[in-house]
Amino acid sequence: MKEELAKRYEPATFEQRIYQMWEKGGYFTPEADPEKPKFSIVIPPPNVTGRLHIGHALVNTLQDIIVRWKRMSGFNTLWLPGTDHAGIATQMIVERKLNEQGISRFELGREKFLERVWQWKEQHSSEIKDQLTRLGASADWTRERFTLDEGLSRAVRYVFVKLYEDGLIYRDLAMVNWCPRCQTAISDIEVEFRERNAKLYHIEYAVEGTDQKLTVATTRPETMLGDTAVAVHPDDPRYKDLIGKNAILPIVDRRIPIIGDAILVDPEFGTGVVKVTPAHDKNDYETGMRHNLPQIQVIAEDGRMSAAAGPRFENLDRFEARKLVIELLRESQQLAKIDDYTHSVGVHGKCDTDIEPMISRQWFVKIEPLARPAIEAVRSGAVQIIPQTWESTYFNWMENIHDWTISRQLWWGHRIPAFHCANGHTTVTMDEPQTCPQCGAPVQQETDVLDTWFSSGLWPFSTLGWQGAGADDAPDYRTFYPTDTLITGFDILFFWVARMIMFGLRFTGKAPFSQVFLNGLVRDEQGQKMSKTKGNVIDPLDVVQEVGADALRFTLAISASGRDIPLGKSRIQGYSAFVNKIWNASRFALMHIDVELKDAGPIDRDELKTVERWILSRLNAATADVNRYLSAFRFDEAANTLYHFFWGEFCDWYIEMVKPVLLGKHGHDDDRRTAKRVLLEVLDRSLRLLHPFMPFVTEEIWQKLGGVEPAVIIAPYPIAEEVLEDPEAERLMKAVQSMITTVRNARAERGFTPKDRFKLYVKSNQPREANFFREYGYLLVELARLTEVVVEAEPPAGTQQDVIEGFSIAIEFPVKEISPEQIERTKREIEKTENEIASTEARLANEQFVQNAPAHVVDGARTRLAELKARLEKLQQNQ
RNA sequence: GCGGGGUUAGCUCAGUGGUAGAGCGUUUCCUUUACACGGAAAGGGCCGGGGGUUCGAAUCCCUCACCCCGUACCA
């Protein structure tokens with residue numbers, strides 16, 4: 001090797017250089033060739049609202065691991081990146097920035113405002129790209145997309161028009177979730193419920209023409225101003241005689257009917273009397289429809305009271321109005337009582353404002369015909385959800401799904417392709433009509449835009465060039481659709497994943513992906529949600545700067561079992577030590593390897609020593625495991641396998657074992673050459689295996705190995721080979737390792753230091769194994785720090801005896817007092833062995849066990865019993 | 001209310017029928033020329049409680065308790 005590795009592992013010195021090398025090499029950019037075996041995946045497009053957080057780091061690391069693994073495994077691999085315009089969220093942020101400058105969007109007007117949002121978008125989508133780059137995301141930036149791109153917008157428009165023509169999109173006056181702050185309708189799933197401590201107000205309504213009073217309870221007294229009825233249960237003996245009479249609405253003094261309604265009223269609950277406000281409550285709205293009640297809208301779209309609420313309330317904020325209503329009721333002595341009350345309140349998830357149910361004309365998607373095939377796709381296995389437990393959540397939601405409110409009273413988004421004329425005609429079309437096709441009057445386009453998720457629902461195909469029927473021959477679409485895997489957070493299963501499945505099936509005839517992996521939420525060490533207010537946020541870029549992208553990626557991967565991930569700095573520190581270990585072990589190897597990979601030639605297995613056969617066998621097992629785990633999205637197990645192989649077997653044992661040969665203390669030149677060849681082999685394969693998890697450090701090191709391929713990113717991913725399996729080598733090396741551990745243990749227990757050396761006696765029954773220990777005794781001498789290993793001789797009296805993996809061993813200590821701890825320990829060891837002998841004997845004495853248990857379990861127990869007895873005998877001699 | 005998940009070493013979590021595991025933390029020893037972000041060793045668990053199935057249960061079934069998430073409703 002000409003080049004050596006830097007003495008210290010400093011990721012900042014090479015990560016960005018490596019990324020540029022990959023990008024220049026074009027490794028992220030696959031050809032649009034439908035003939036090649038492909039693997040494709042689309043990114044869950046981050047919102048162009050700001051910086052990426054740790055959750056983005058997780059989901060994109062997991063995608064990149066799969067993508068790199070597939071690419072190295074020979075697939076024509078596409079990872080398509082991009083961003084989402086995120087209607088409400090982005091508009092909100094830009095609006096807030098403007099407000100800080102004292103400008104309102106209404107002053108600017110739609111055109112100018114949108115210009116500002118586009119500026120924001122340009123800046124942030126390039127920042128997002130930079131951040132993903134720093135993480136090592138091997139996405140094809142030449143195919144980057146944005147949900148408002150021309151092509152994607154055409155796809156959106158096509159889908160809208162087609163659904164409208166098919167009768168699956170309709171416009172209607174309905175009770176919707178209204179956000180008074182954002183002044184737009186939102187869909188049901190955008191409403192989040194918050195538990196809140198509130199008050200339950202009991203208000204007395206006089207019954208007209210009697211002395212009777214009806215007491216209603218409400219948490220929202222301000223809506224009382226819009227009451228148009230009072231409802232009781234039709235069979236309730238307390239009130240049923242009152243049905244048909246009128247109540248007098250306090251403050252307003254309006255006569256409202258007392259109605260009987262079995263659906264709205266539960267006689268068991270509260271007072272059994274319900275006030276009915278059809279304009280501001282979903283259930284009341286439906287009751288109003290049943291009873292033909294007038295709807296009086298007392299709260300306007302901005303959350304202030306309307307003129308209909310009366311002059312004292314008009315323009316008052318709805319919460320101020322509540323106070324005033326209470327005050328007035330108290331004055332007129334119509335407030336019976338106020339109770340403390342805990343209930344959940346619907347708020348807009350994006351801005352935390354209390355949702356106001358409002359009657360409004362909106363556009364809807366009739367969802368049931370779309371949901372049915374989407375349910376079937378998961379049920380049939382065409383789409384597999386992993387971990388599978390999410391499937392029941394999916395079914396539960398999809399089977400109870402409601403129509404989807406898709407219109408938003410925003411400016412930032414895809415404008416609905418509907419055109420209205422003054423005569424009330426509406427035209428929905430792909431074109432830009434100037435006049436109404438029905439009456440010839442001039443038309444104006446609908447000002448509402450579509451829900452962001454409408455366009456993200458098309459993402460897996462709109463990004464590949466699909467723009468509707470007759471235009472689906474785009475090369476990327478033909479090559480890469482349907483995609484293979486989707487990796488995303490479980491929190492957008494309904495928002496996004498379900499919609500993609502529904503739209504994909506409807507418009508492409510295929511499920512947009514065959515596997516969905518849902519990753520957990522990244523939380524802090526205590527399992528708390530990360531949030532700015534709690535101050536427990538970990539910024540992925542800070543971590544990259546501190547310990548490198550590889551340490552962050554590996555930590556995320558090894559933590560990702562599908563459940564939530566408690567992430568703390570100490571955990572990341574722990575795995576950054578592993579990256580450091582890889583660096584240093586590679587540095588050691590490179591000091592001794594003197595031939596480049598491309599010139600190394602194949603390994604002649606006949607020349608291999610047991611140690612080399614052992615490490616290749618272990619490596620092979622790890623290779624099989626990693627591939628298997630990655631196929632099942634067990635990122636944690638895959639990473640764990642590599643961690644333990646590389647650190648626990650390669651570094652702690654193999655490197656220590658070949659040191660005597662490499663350093664010329666043992667063996668001949670031929671042995672040294674073979675050892676170097678195998679060292680190179682194991683390092684090469686390990687780096688390839690690790691590459692998807694830690695792309696930067698593996699590439700930096702691998703570049704020094706002189707491989708045939710220009711970069712490890714496109715080197716073939718190792719697959720297990722049967723020829724490398726060697727159970728015999730594994731058995732013998734396990735025995736050697738256990739002996740070494742036993743000697744080290746005994747040394748420490750007897751109070752000796754590592755400098756004190758002893759003689760070890762090893763005995764076996766088979767001559768071949770005796771030869772093994774004669775040949776490899778040097779391993780025991782070096783690693784257990786012995787004076788010598790004596791094979792097949794009777795140990796003298798007074799040595800410490802034991803049985804390890806079926807071999808009798810004896811350690812000859814220089815005369816030194818046996819510590820009380822050691823005596824105690826031996827005693828405990830004997831006791832433990834006796835107990836296990838007793839329980840094993842009991843098991844074997846049980847005829848049921850011998851008859852019913854599988855043969856290998858019974859045999860195992862017998863072998864174990866023999867070993868235990870042999871061991872007990874030796875241990876007793878130590879007393 | 002309905003649905004799902006959790007309860008295993010001090011902490012965070014793996015482990016779906018055959019003798020309890022990892023990382024971090026703790027204790028002790030060691031600066032051996034890849035690495036002190038290191039090496040070696042130790043201690044630590046009636047696998048939430050109870051019951052059942054089985055030759056055998058952390059693992060399967062029932063039940064109780066506590067915690068988390070989703071969803072519906074809440075006058």
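Residue numbering restarts at 1 for every chain, and letters A, B, ... go by the order of the sequence lines.
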Shortest side-chain distance from [X], nucleotide among [options]:
| X | options | answer |
| --- | --- | --- |
| Asn584(A) | C35(B), A41(B), G38(B) | C35(B) |
| Asn745(A) | A42(B), U19(B), G38(B) | A42(B) |
| Tyr575(A) | C55(B), G15(B), G23(B) | G23(B) |
| Asn396(A) | G70(B), G38(B), U31(B) | G70(B) |
| Asn640(A) | U32(B), A22(B), G18(B) | A22(B) |
| Ala577(A) | G23(B), G38(B), U31(B) | G38(B) |
| Ala748(A) | C37(B), A41(B), G23(B) | A41(B) |
| Ala217(A) | G18(B), A75(B), U19(B) | A75(B) |
| Thr219(A) | G70(B), C55(B), A75(B) | A75(B) |

Given side chains that start at C-beta, do those of Phe490(A) and Thr389(A) come closer than 4.5 Å, heavy atoms only?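 No; the side chains remain at least 4.5 Å from each other.
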
Using Watson-Crick or G-U wobble geometry with both distances below 3.5 Å, tell me the partner of [N], or none.
| N | result |
| --- | --- |
| C2(B) | G70(B) |
| A14(B) | none |
| G45(B) | none |
| C35(B) | none |

Evaluate Thr741(A) against Arg744(A) for side-chain hydrogen bond (donor to acceptor under 3.5 Å, both in side chains), listing each step before the verdict. CA-CA 5 Å; Thr741(A) 303; Arg744(A) 286 170 174 168; 5.0 Å; no

N/O (side chain, Arg744(A)) to phosphate O (OP1/OP2, A41(B)) under 4.0 Å: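 Affirmative; the distance criterion is met.
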
Distance check, [atom1] atoms only: [N] and [M], in whole angstrom units.
| N | M | atom1 | result |
| --- | --- | --- | --- |
| G45(B) | C37(B) | P | 31 Å |
| G48(B) | G39(B) | C1' | 39 Å |
| G15(B) | C60(B) | C1' | 16 Å |
| G6(B) | U26(B) | P | 31 Å |
| G52(B) | A42(B) | P | 39 Å |
| G25(B) | A65(B) | P | 39 Å |
| C62(B) | U19(B) | P | 26 Å |
| A9(B) | U71(B) | C1' | 37 Å |

Taking the six-membered ring of Phe588(A), is NZ or CZ of Lys659(A) closer than 6.0 Å to its centre and within 45° of its axis?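 Here Lys659(A) passes the 6.0 Å and 45° test against Phe588(A).
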
Which word best sums up how the rings of Phe578(A) and Phe646(A) line up, parallel for under 30°, tilted for 30 to 60°, or perpendicular for over 60°?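 Ring orientation, 0 to 90° scale: perpendicular.
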
Nearest nucleotide by nearest heavy atom, which residue falls closer to the 5' end of RNA chain B, Thr742(A) or Leu663(A)? Leu663(A)

Closest nucleotide of RNA chain B for Glu195(A) versus for Lys7(A): which of these residues is on the 5' side?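 Final value for this comparison: Lys7(A).
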
Atom CG of Asp266(A) to atom P of A72(B): distance rounded to whole Å? 20 Å

For Leu844(A) and G18(B), give me the distance from atom CG to atom C1', rounded to whole Å.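 To the nearest whole Å, that distance equals 12 Å.
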
Greater than 12 external heavy atoms within 6.0 Å of Lys282(A)'s NZ: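 Atom NZ in Lys282(A) is not crowded, with 12 or fewer foreign heavy atoms closer than 6.0 Å.
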
With a 3.5 Å cut-off and just heavy-atom distances, do the side chain of Lys581(A) and the base of C35(B) make a donor-acceptor pair?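 Flag set: donor-acceptor pair detected.
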
At less than 3.5 Å, do the side-chain atoms of Glu637(A) and the base atoms of A22(B) form a donor-acceptor pair? no

Decide whether Asp227(A) and Tyr205(A) meet the rule of one side-chain donor and one side-chain acceptor closer than 3.5 Å. yes

Going by distance alone, is a donor N or O of one side chain under 3.5 Å from an acceptor N or O of the other, for Lys275(A) and Thr223(A)?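 Present: a donor and an acceptor within the cut-off.
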
